[in-house]
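Lettering of chains follows the sequences in order, A, B, ..., and the numbering in each one begins at 1.
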Number of protein chains: 2
Amino acid sequence: MSTVTIKLLAEKLQLSTATISKALCDSHEISDSTKKRVLALAEELNYVPNAYAGSLRRNKSKTIAVVIPEVADSFFSLALNGIEEAVLEKGYHALIYLTHEKLDREKAILKELTNGRVDGAIMSVTVETSDADHIREFNKKLPVVFFDRVCNDLDTAKVTTNDFECGYNATKHLIEAGCSKIILLSISNNLSIISERARGFTKAIADHNLNEADCRIIECTEDASCNYELIKEMMLPDNRPDGIIATVEKLTTDIYLACQQLDINIPQQVKVVCFSNQATAIILSPSLTTITQPAFEMGKSAATILLKSLRNNGLIMKEESIVIPSSLIIRNSTINN
Amino acid sequence: MSTVTIKLLAEKLQLSTATISKALCDSHEISDSTKKRVLALAEELNYVPNAYAGSLRRNKSKTIAVVIPEVADSFFSLALNGIEEAVLEKGYHALIYLTHEKLDREKAILKELTNGRVDGAIMSVTVETSDADHIREFNKKLPVVFFDRVCNDLDTAKVTTNDFECGYNATKHLIEAGCSKIILLSISNNLSIISERARGFTKAIADHNLNEADCRIIECTEDASCNYELIKEMMLPDNRPDGIIATVEKLTTDIYLACQQLDINIPQQVKVVCFSNQATAIILSPSLTTITQPAFEMGKSAATILLKSLRNNGLIMKEESIVIPSSLIIRNSTINN
DNA sequence: ACTTTTTACTTAAACGATTAAGTAAATATT
DNA sequence: AATATTTACTTAATCGTTTAAGTAAAAAGT
């Protein structure tokens, strides 16, 4: 019942460990008959090479790290599925680390990972990540690919979606549906994705000559109950918006609940569009207009880029960066009457 | 810029590697002054111990595997968060593997993992997993903790929720709300959780003297569009149910859509309860009665049990098994009038 | 003052693989 | 037939740690 190693195989076959090792990777130095004997015994004894012995010797772990804020919303869930698919295809392994939006966690994780445990990382930064020193330090040793929430002052491949355009189009869509007092619910202006969406929002407001004072950007917090109160307050009659854009999925519930509570009709009194990948968008009442991100593809692309670079020299071409467009799916929450 | 190893520290301080190693783990064999010098240099040079060298030597990887079907629905997402929390707390690492409900994948994953890569596994089996030989084989070498979808013929710790009761209570709730033709939407009777829920369903039907011919169990498939058609067909006027219990979250959308399409009113014509952890249940129209599982806690408990066993001898007490109850949250989809 | 114990190290083997370098026998070349 | 090359191995070093066993000097015990 002891573990089956190359050494054991060697003993049983009266060969050296070198021969076994070479036979197993089909080296030309080994005769066909020996290869067959080795393979047969390996099969019989259920030999599985020790993962770490090889990693240590070759300084390659065949493992990548996925460092993301949470896996709670559907974006990261779907992205993780995409990552796993790419990783599986190439025989790699994926370690998962959640930062819970804490910069300190992100730093600690990256520092520990420079010890050979992984060959590279895919990450989406926390809301707190404003400077990129810790990532740059990591990146001196190992390749990094960003997806979705990127760090722009780091020169590496990034997989993003067209956040600026989406911010613009969502706003334009609301304006065309008749909105003139539009609010963008943000969560952090640190975040690349949010600031891009906000830029698109602002530009659309300007391009369409809306009163800029009526179109504000409101920062929400990490605390769901706070957000609910914030949104309710925002919806008080005196300066109520007629359009809302939520930059993150989880605000959907707060918005719908607040409107229910205050007896405000969507879409008649306020139109709503959310950046969201929720499957339930279609069965909400009214069904929710969303900007749906290509989450799965983004995860898969990021992993593919990283793995490709690992096949070469571990150098990542910034030019590998890719923008995969999201789609505005118009449903009843923004349709007139 | 070369990697900082114990050997390098040893050279710089004119000490042996053994001394460095011992100093770093605060061994009593090393003087305080030496320890200080070592720690200081290690800090200065940003020494991080090579993960695999240690793993190889001690035959411990400080890594566990999470083997689950998908990470698409909110149950597994939340569970993964719980697992990550426990793993983080103990300084472990988590590798994630998705089986995509394929038994072959599950087998291949488990086989590869017997090579020292992980110290144990947490798993929730696929719908195809009817016999447990491959898991038993794995379990001969390494500890396994099941959560949610368990294998009952394996003698190890299991973290489950009270599926039987929940099946019973959901059914009872529908009966008390006036339903008499209740349908349970299943996905596979292989699955421990589903068969338990179905047992509860059947018992409640019997206990309340409902006509058993009117209360069927219908198997859905992996294919979402099929399920939609299936549900639509089921809702045709001739033998339409007045109550539906969905054993998995993803069926929610199909049910609501089918009812919208066929202009069937929930809850007046049909009452619906779903096993679901979706945050949006509350804003559906009507809001959805759910059996909400303690997903986060289940994941965390499973990880905690595994890690605890690893601290000891890697032996898992079946007695560590724990059942964490779900809650029936009654909302408008099952309320009369 | 002598032995014993403790302190603070070092030496060297080990974990399980890979691989450069060496070697003896078989085969090919001239 | 003598030399060169190829084949099919083996030996031994290596990756970066940990740890059992060894050791010399200092401290303690008698």
Side-chain angles (χ1 to χ4, degrees), chain A residues 2-39 41-42 45-63 91 93 112-119 141, chain B residues 2-39 41-42 45-63 91 93 112-119 141:
Chain A
S2 73
T3 56
V4 181
T5 65
I6 269 192
K7 208 164 151 189
L8 185 79
L9 298 182
E11 269 169 30
K12 295 231 179 203
L13 293 174
Q14 294 284 81
L15 289 168
S16 74
T17 59
T19 305
I20 307 292
S21 173
K22 288 173 183 169
L24 289 172
C25 44
D26 203 27
S27 158
H28 66 276
E29 290 180 51
I30 306 300
S31 71
D32 285 350
S33 63
T34 304
K35 278 181 194 168
K36 259 179 208 142
R37 288 203 305 143
V38 173
L39 263 337
L41 188 65
L45 300 185
N46 242 298
Y47 168 74
V48 185
N50 181 288
Y52 299 145
S55 292
L56 181 58
R57 179 61 222 254
R58 321 172 98 147
N59 201 24
K60 293 258 167 281
S61 63
K62 285 241 162 201
T63 304
H93 300 258
E112 197 189 337
L113 290 179
T114 53
N115 65 352
R117 192 179 286 278
V118 298
D119 297 337
K141 300 184 136 202
Chain B
S2 74
T3 57
V4 182
T5 66
I6 271 193
K7 209 164 152 189
L8 185 78
L9 298 182
E11 269 168 30
K12 295 232 180 204
L13 293 174
Q14 294 284 80
L15 289 167
S16 74
T17 60
T19 304
I20 307 291
S21 173
K22 287 173 185 170
L24 289 172
C25 45
D26 203 27
S27 158
H28 67 275
E29 289 181 54
I30 307 299
S31 71
D32 285 349
S33 63
T34 304
K35 277 181 194 168
K36 260 179 207 141
R37 289 204 302 144
V38 173
L39 262 335
L41 188 67
L45 300 184
N46 240 298
Y47 168 74
V48 185
N50 181 288
Y52 299 146
S55 292
L56 181 57
R57 179 61 223 253
R58 323 171 98 148
N59 201 24
K60 293 260 169 278
S61 63
K62 286 240 160 201
T63 304
H93 300 257
E112 197 189 336
L113 290 179
T114 55
N115 65 351
R117 193 180 285 278
V118 298
D119 297 338
K141 300 185 136 201

Sugar-phosphate, base or nothing in reach of B:S16, heavy atoms under 4.0 Å: base
Determine whether any donor atom in the side chain of A:R58 lies under 3.5 Å from an acceptor atom in the base of C:dT18, or the reverse, and answer yes or no. no
Please confirm whether the backbone N or O of A:H93 pairs with a side-chain atom of A:T63, one donor and one acceptor, at under 3.5 Å? no
For A:T34, report the nucleic acid contact type (base, sugar-phosphate, nothing); a contact means any heavy atom under 4.0 Å. sugar-phosphate
A:R117 CZ to D:dC15 C1': how many Å, rounded? 16 Å
Give the residues of residues 18-30 of chain A touching DNA chain C, defined as any heavy atom closer than 4.0 Å, sorted by residue number. A:A18, A:S21, A:K22
Minimum-distance nucleotide to A:L15 side chain [options: D:dC9, D:dT17, C:dG16]: D:dC9
Between atom CD in B:Q14 and atom P in C:dC9, what is the gap in whole Å? 14 Å
Can you tell me how far C1' of C:dA17 sits from CZ of A:R57, to the nearest Å? 8 Å
Separation of B:I6 atom CD1 from D:dT19 atom C1', in whole Å? 12 Å
Please list, chain by chain and in numerical order, all residues satisfying side-chain hydrogen bond (donor to acceptor under 3.5 Å, both in side chains) with A:N50, sequence neighbours excluded. none
Bend across the helix from C:dA1-D:dT30 to C:dT30-D:dA1, to 10°, with axes taken over 5 pairs at each end? 40°
Can you check the A:N59 CG to C:dA17 P distance for me, whole Å? 18 Å
Just the rounded figure in Å: distance from P of D:dT14 to NZ of A:K60. 20 Å
Sorted by chain and residue number, the salt bridge (charged side-chain N to carboxylate O under 4.0 Å, His left out) partners of B:D26 (sequence neighbours excluded) come out as B:K35
Any side-chain N or O of A:Y47 less than 4.0 Å from the OP1 or OP2 oxygen of C:dG16? no
May I ask you to evaluate whether B:T17 reaches the phosphate of D:dT17, defined as a side-chain N or O under 4.0 Å from OP1 or OP2? no
Indicate, with a heavy-atom threshold strictly under 4.0 Å, whether A:N50 touches base, sugar-phosphate, or nothing. sugar-phosphate
If you assign A:Y52 and B:K35 each to the DNA chain C nucleotide with the nearest heavy atom, which residue ends up on the more 5' nucleotide? B:K35
What is the distance, to the nearest angstrom, from the CG atom on A:L9 to the P atom on D:dC9? 15 Å
Checking B:K62 now: which residues fulfil side chain to side chain contact (heavy atoms under 4.5 Å, CB included) with it, not counting sequence neighbours? B:Y92
CZ of A:R37 versus P of D:dA8: gap in Å, rounded? 13 Å
According to the side-chain hydrogen bond (donor to acceptor under 3.5 Å, both in side chains) rule, which pairs have a member within residues 4-20 of chain B, sequence neighbours left out? B:S16-B:T19
